[in-house]
Amino acid sequence: MDKKHKVSDLQSHTGVEVMRCYQCGKCTAGCVLASDMNYPPSYLMRLLQTGTKENYDKILHSNSIWLCLNCENCLGRCPMEIDIPKMMDYLRTRSISENKMHPDSKPIIAFHRSFLDSIKHTGRLYEVGLIAAFKSRTFRFAQDLNIAPMMYLKGKLHLLPEKIKDRRHMKRIFAQTIENAKTETK
Amino acid sequence: MKIGFYPGCSLTGSSREYNESVVAVAKALEIDLVELKDWNCCGATAAHSMNEELSLSLPARIMALAEEQGLKEIVVPCAACYNRLKVTQHELEDQPKRNRVAEILQMPYKGDLKIINVLQLLEAYGTENIKARITQPFAHKVACYYGCLLVRPHAILKFDRVEDPQSMDALIQVIGGTTMDWAFKTECCGGGFSVSRTDLVVKLSGNILKDASDRGAEALIVACPMCQSNLDMRRGAINKTLDSPIDIPVIYITQAIGLALGIGAKELGLKRHFVTVEL
C-alpha cells in the first residue's frame, strides 16, 4: 500500500520499528522542548504508527523535528530503546528534500548551512564567518552585538580562519555527500 | 604517558580556555599530548541534521588520519566531538556504510582507534597520581554538570551512568571538593541553538543554573564547550529572565584540577570567562 511506504522507508533507513512504541510517554516527559513542539515525541510516534501519508506530512511540516536538540534523553529512557533522535535526523532530511520545512526551521537551517559552508572552505569552523553568514541569511544583523566585543576582548574570536592543508579533501567530501543529490537520504 | 589529541574547533576559538587548561594539566601531569595533524571539524549537529553521509565522513576522516599517523588512542575533550567520533565509529561497523565512506574519503579506515573523553584520560592517569600532586585543595561545593553528549547514547558510549553519572564527581572529590545531588546533571542546555534559538537556550540553561544555585553550588563544573558557553556567555540574557541574578561561575573540570595542582588562573584561561571566577 503506497501510504505505508514512507514509514517503511523510515524504518529501513534508521532501523526504527515504529510499532514497538507502546505510548508510555517517557520520551515526552523527559523532552526538554516538548512544550515548544507542535507534536511531542510520543505523539509523533503515534502519528507514524497510523501509517497515513497525511500524518507523515504533518510530521514533515511540524516544528518538532527542527526543535529536537538530539540530546538523546528520549532514547536513554525509552523502555523499547527506540532511536527517536536518529529518526529525527532522517525526518529533517526528508522535510528539506520535500520542501516541507516549518517556518521555525528557518534560523536553525540557516545556522546549519552557515556552519557547513565554513567547514567546506577551511576544514574547520570559523566562528566569525559563521556568524556573518548566519546574519546575512536571516537578516538578524543586531543579534549578539552585545557579546561579540566581550568575546573579542577575552580572546575568544579569531579574526582570520584556521585552514587545514588538505582543503581539496574537504571539497571532495562535500561534493560526494551533501552536494550530490544521488546520495541524498532516500 | 603519550596519547593522541583531537582538540576540535571550539577549543581553538570560543572555548580556548578549555584547550589551555587541558594542555596545562597534561603538562603538569607529564602526559604527552600529540595533536592530530591536519584535523578537520567533526561536523557537529549541523552535519547530522542535514546529511547522513557527510555526518559520517567528517569524523571518519579524523579517525582515518589518526590511524595513518600511527595513533592508537586519542583524547577528545569536547563532548560534542567525542560523541560524533564514537557514534560514527559505531555506525561504520555496518559494512555497506563503511564501504561508502571509504569510497568518499579515499583513505583506509580500520575502525579500531580508541576514543576517550577528558574524564577517562584523567581516570586512566590515576586518581592517586593526581592526589599526590595536589598543592592547593579545591575546597568548594560544586555541581558537576555532564550534559547530554558525554553520557548519551549509553549503548554506544558505554561511559558512566546515564541518569546519575559519577566520574566527574569522583574527580572533584579527589582534589578536595564537595559535590552534590541535583536534578539537572544530564539535562540539555540547548546545545547548538545558542545562535539560532537563543530564547530556548536561555530557558533551558536558566533552569540548570537555578537548580545548582538554589542548592548552594559555588560553581558548575563542565566538560563540554557548548554547555560552558551557553551557561557562561549567555548569562546576561539568562539573568534577565530570573527574579534574582545568578553569579556562580562555570568552569571546566581541567580548570578545577589545574587550580588544585597549583597552576595559575591565567594559564588555565580562567580570565576568559564572562562570569568572573573567584575560586
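Sequence lines set the chain letters: A, B, ... in the order given, protein chains first and strands last, and positions in each chain run from 1. All heavy atoms count here, side chains included; hydrogens, waters and symmetry mates do not.
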Heavy-atom side-chain contact between Glu72(A) and Cys148(B) under 4.5 Å: no

Pick one of side chain, backbone, both or neither for Leu130(A), based on which atoms fall under 4.5 Å of a heavy atom in chain B. neither

Pairwise side-chain contact, Tyr90(A) with Glu52(B), heavy-atom cut-off 4.5 Å (strictly under): no

Between chain A and each of Arg234(B), Glu103(B), Lys271(B), count heavy-atom pairs under 4.5 Å; write down the option with the most. Arg234(B)

Is the shortest side-chain heavy-atom distance between Glu53(B) and Gln176(A) below 4.5 Å? no

When only pairs under 4.5 Å are counted, which of Arg172(A), Glu81(A), Met88(A), Arg113(A) shares the most heavy-atom pairs with chain B? Arg172(A)

Spacing of Arg272(B) atom CZ and Lys156(A) atom NZ [to the nearest 0.5 Å]: 8.0 Å

Below 4.5 Å, heavy-atom pairs only: which of Thr138(A), Asn73(A), Val32(A), Ile173(A) has the largest tally toward chain B? Asn73(A)

Examine distances only and state if a side-chain atom of Arg197(B) and a backbone atom of Ile108(A) form a donor-acceptor pair shorter than 3.5 Å. no

Go through Gly8(B), Gly43(B), Ser10(B) and name the one with the most non-hydrogen pairs under 4.5 angstrom from chain A. Gly43(B)

Please confirm whether the backbone N or O of Val195(B) pairs with a side-chain atom of Gln143(A), one donor and one acceptor, at under 3.5 Å? yes

Proximal component of Leu204(B), with respect to chain A [non-hydrogen, under 4.5 Å]: side chain

Contacting moiety of Lys163(A), where chain B heavy atoms sit under 4.5 Å: neither

What one should report as the nearest heavy-atom pair of Phe134(A) and Ser196(B) is CZ-CA, 3.9 Å

Check whether Asp144(A) gets within reach of chain B through its side chain, its backbone, both or neither, counting any heavy atom under 4.5 Å. side chain

How far does OG1 of Thr12(B) sit from CG of Leu125(A), to the nearest 0.5 angstrom? 8.0 Å

Could you check which of Thr198(B), Asn40(B), Ile104(B) has the highest count of heavy-atom pairs closer than 4.5 Å to chain A? Ile104(B)

Using heavy-atom distances under 4.5 Å, tell me whether Met170(A) contacts chain B through its side chain, its backbone, both, or neither. side chain

Should Asp166(A) and Lys37(B) count as an ion pair when the cut-off is N to O under 4.0 Å? no

His48(B), part contacting chain A, at a heavy-atom distance under 4.5 Å: both

What part of Glu20(B) gets within 4.5 angstrom of chain A, counting heavy atoms only: side chain, backbone, both, or neither? neither

Does any heavy atom of chain A fall under 4.5 Å from the side chain of Leu200(B), the backbone, both, or neither of them? side chain

Any donor-acceptor N/O pair, Arg77(A) side chain to Glu163(B) backbone, under 3.5 Å: no

Largest heavy-atom contact set with chain A, pairs under 4.5 Å, which of Ser57(B), Pro153(B), Gly191(B), Gly269(B): Pro153(B)

Side chains of Phe193(B) and Leu33(A): does their closest heavy-atom pair fall under 4.5 Å? yes

Do Asn51(B) and Leu116(A) come close enough that some side-chain heavy atom pair is under 4.5 Å? no

Mind checking whether His169(A) and Leu105(B) have side chains closer than 4.5 Å, heavy atoms only? yes

Looking at Lys106(A), I want to see if its NZ is surrounded by more than 12 non-hydrogen atoms of other residues, nucleotides or ligands under 6.0 Å. no

CZ (Phe139(A)) with more than 12 external heavy atoms under 6.0 Å: no

To the nearest 0.5 Å, what is the distance between CG on Asp89(A) and OG1 on Thr45(B)? 9.0 Å

Can you tell me if Tyr43(A) has over 12 outside heavy atoms packed within less than 6.0 Å of its OH? no

Tell me, side chain or backbone of Asp36(A) under 4.5 Å from chain B's heavy atoms, or both, or neither? side chain

Please check if atom CD in Gln95(B) has more than 12 non-hydrogen atoms from other residues, nucleotides or ligands closer than 6.0 Å. yes

Answer key: most heavy-atom pairs under 4.5 Å with chain A among Ala46(B), Gly147(B), Cys42(B), Cys41(B) is Ala46(B)

Within a strict 4.5 Å, meaning less than it, do heavy atoms of the Lys154(A) and Arg16(B) side chains meet? no

Do the non-hydrogen side-chain atoms of Leu75(A) and His154(B) ever get within less than 4.5 Å of each other? no

Can you tell which of Ala237(B), Cys188(B), Ser14(B), Gly13(B) has the highest number of heavy-atom pairs within less than 4.5 Å of chain A? Ser14(B)

Using a 4.5 angstrom heavy-atom cutoff, name the option from Leu153(A), Val128(A), Ile65(A), Ile119(A) with the most pairs to chain B. Ile119(A)

Mark yes when over 12 heavy atoms from residues, nucleotides or ligands other than Lys97(B) sit less than 6.0 Å from its NZ; otherwise mark no. yes

Quick one: CG on Leu54(B) to CD on Glu179(A), what's the gap to the nearest 0.5 Å? 9.0 Å

